[in-house]
Amino acid sequence: MFNIFKKKKYVDIYSPINGILLKIEDVPDPVFSQKMVGDGVALEPTEGIVYSPVNGTLVQLFPTKHALGIKTEEGLEILIHIGMDTVEMKGNGFESFALEGEKVKIGDKLLKFDMELVKKEHPLTSPIIITNMDIVDKIVKESDGEEAKAGKTKIMRVYLK
């Protein structure tokens, strides 16, 4: 007997930050806007807190806390990068609430960042990128310009191969 119930072939990604949804092509850094590290969307934050956009495992927390990586239960790898060139801040203004290897659920608080401090020297635009595009069939993105609520607003549905 064949199993007619197939494993889910897509992952819904929710907004990790309260903010305004932007096209990845509008990010002011060619590494992201030209999709060199992967495809996705960006957010213009209205609050300095990052929540988990998926259920999965925190697989990477940069020492400077300006970026983190989450791997979903389905194997999708997501990079959340706070602001542009914020690695230069050397962790100043960033605080983490989760550890590498920790299981996370949609809406779990992961990071806090000082928006005013970041804004003084860097754009706040924050990409949310799928980094292992080799397992992706297609991405359906929500409309840019929309207000996104962290943990509540779906920003992408990623279909897996």
Side-chain angles (χ1 to χ4, degrees), residues 11-54 56-72 76-100 102 104-134 136 138-158:
V11 178
D12 285 335
I13 300 175
Y14 293 86
S15 185
I17 307 167
N18 287 326
I20 305 300
L21 197 56
L22 304 172
K23 291 180 183 157
I24 195 65
E25 294 84 1
D26 294 339
V27 172
D29 182 330
V31 170
F32 295 110
S33 64
Q34 294 174 18
K35 304 178 187 177
M36 292 179 200
V37 289
D39 197 356
V41 298
L43 288 156
E44 196 62 38
T46 55
E47 179 187 42
I49 301 175
V50 179
Y51 302 89
S52 181
V54 292
T57 303
L58 183 61
V59 291
Q60 186 171 25
L61 176 61
F62 286 72
T64 51
K65 299 177 181 70
H66 76 287
L68 56 86
I70 300 173
K71 188 171 191 171
T72 71
L76 198 63
E77 296 172 3
I78 301 159
L79 171 70
I80 301 170
H81 192 286
I82 306 306
M84 297 288 109
D85 301 318
T86 46
V87 68
E88 297 168 2
M89 295 178 71
K90 297 182 170 69
N92 187 23
F94 293 85
E95 180 184 356
S96 65
F97 299 101
L99 301 170
E100 275 187 14
E102 205 172 302
V104 294
K105 297 185 312 301
I106 294 167
D108 285 356
K109 188 176 179 178
L110 303 178
L111 281 178
K112 186 167 99 177
F113 60 99
D114 184 329
M115 286 180 56
E116 293 308 311
L117 191 61
V118 172
K119 228 181 344 187
K120 279 182 188 171
E121 298 179 37
H122 305 282
L124 276 171
T125 307
S126 300
I128 294 81
I129 304 293
I130 307 305
T131 57
N132 60 338
M133 290 297 294
D134 56 311
V136 173
K138 71 175 179 174
I139 301 176
V140 177
K141 302 173 188 180
E142 297 302 314
S143 301
D144 59 303
E146 297 292 318
E147 186 177 343
K149 294 283 181 206
K152 305 269 189 250
T153 306
K154 183 175 70 174
I155 57 173
M156 292 185 273
R157 176 170 280 181
V158 180

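These numbers were taken from a predicted model, which means no experiment stands behind them.
Counting heavy atoms of neighbouring residues, nucleotides and ligands inside a 6.0 Å radius, atom NZ of K23 does not exceed 12 of them.
Taken from CD1 in I82 to CG in D114, the straight-line distance is 13.0 Å, to the nearest 0.5 Å. Taking CG of L58 as the reference point, atom CG of L99 lies at 8.0 Å (rounded to 0.5 Å). A distance of 5.0 Å separates CD1 of I13 from CG of L76, quoted to the nearest 0.5 Å.
The two residues M84 and D29 make their nearest non-hydrogen contact at SD-CB, 3.4 Å. Closest non-hydrogen pair, E100 versus Q60, comes out as OE2-CA, 3.6 Å. Counting all heavy atoms, side chain and backbone alike, M133 lies closest to G38 at CG-CA, 4.1 Å.
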- Start with the C-alpha gap between D26 and T125, add the side-chain angles, then the distance that decides, and say whether side-chain contact (heavy atoms from CB on, under 4.5 Å) holds. CA-CA 9 Å; D26 294 339; T125 307; over 6 Å; no
- Query: Step by step, would you call F94 with V118 a side-chain contact (heavy atoms from CB on, under 4.5 Å)?
  - Reply: CA-CA 9 Å; F94 293 85; V118 172; 4.0 Å; yes
- Show your working on side-chain contact (heavy atoms from CB on, under 4.5 Å) between S52 and I106 and close with a plain yes or no. CA-CA 5 Å; S52 181; I106 294 167; 5.6 Å; no
- Task: Mind running side-chain contact (heavy atoms from CB on, under 4.5 Å) on L79 and F62 for me, showing each step along the way?
- Result: CA-CA 11 Å; L79 171 70; F62 286 72; 4.1 Å; yes
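Put simply, the side chain of K141 gets close to the backbone of G40: a donor and an acceptor are under 3.5 Å apart.
Salt-bridge check for D108 with K105: passed, with a basic side-chain N closer than 4.0 Å to an acidic carboxylate O.
Side-chain contact of S33 with E25: a donor-acceptor pair under 3.5 Å is absent, judged by distance alone.
A 4.5 Å side-chain heavy-atom check between L21 and S15 finds every atom pair outside the cut-off.
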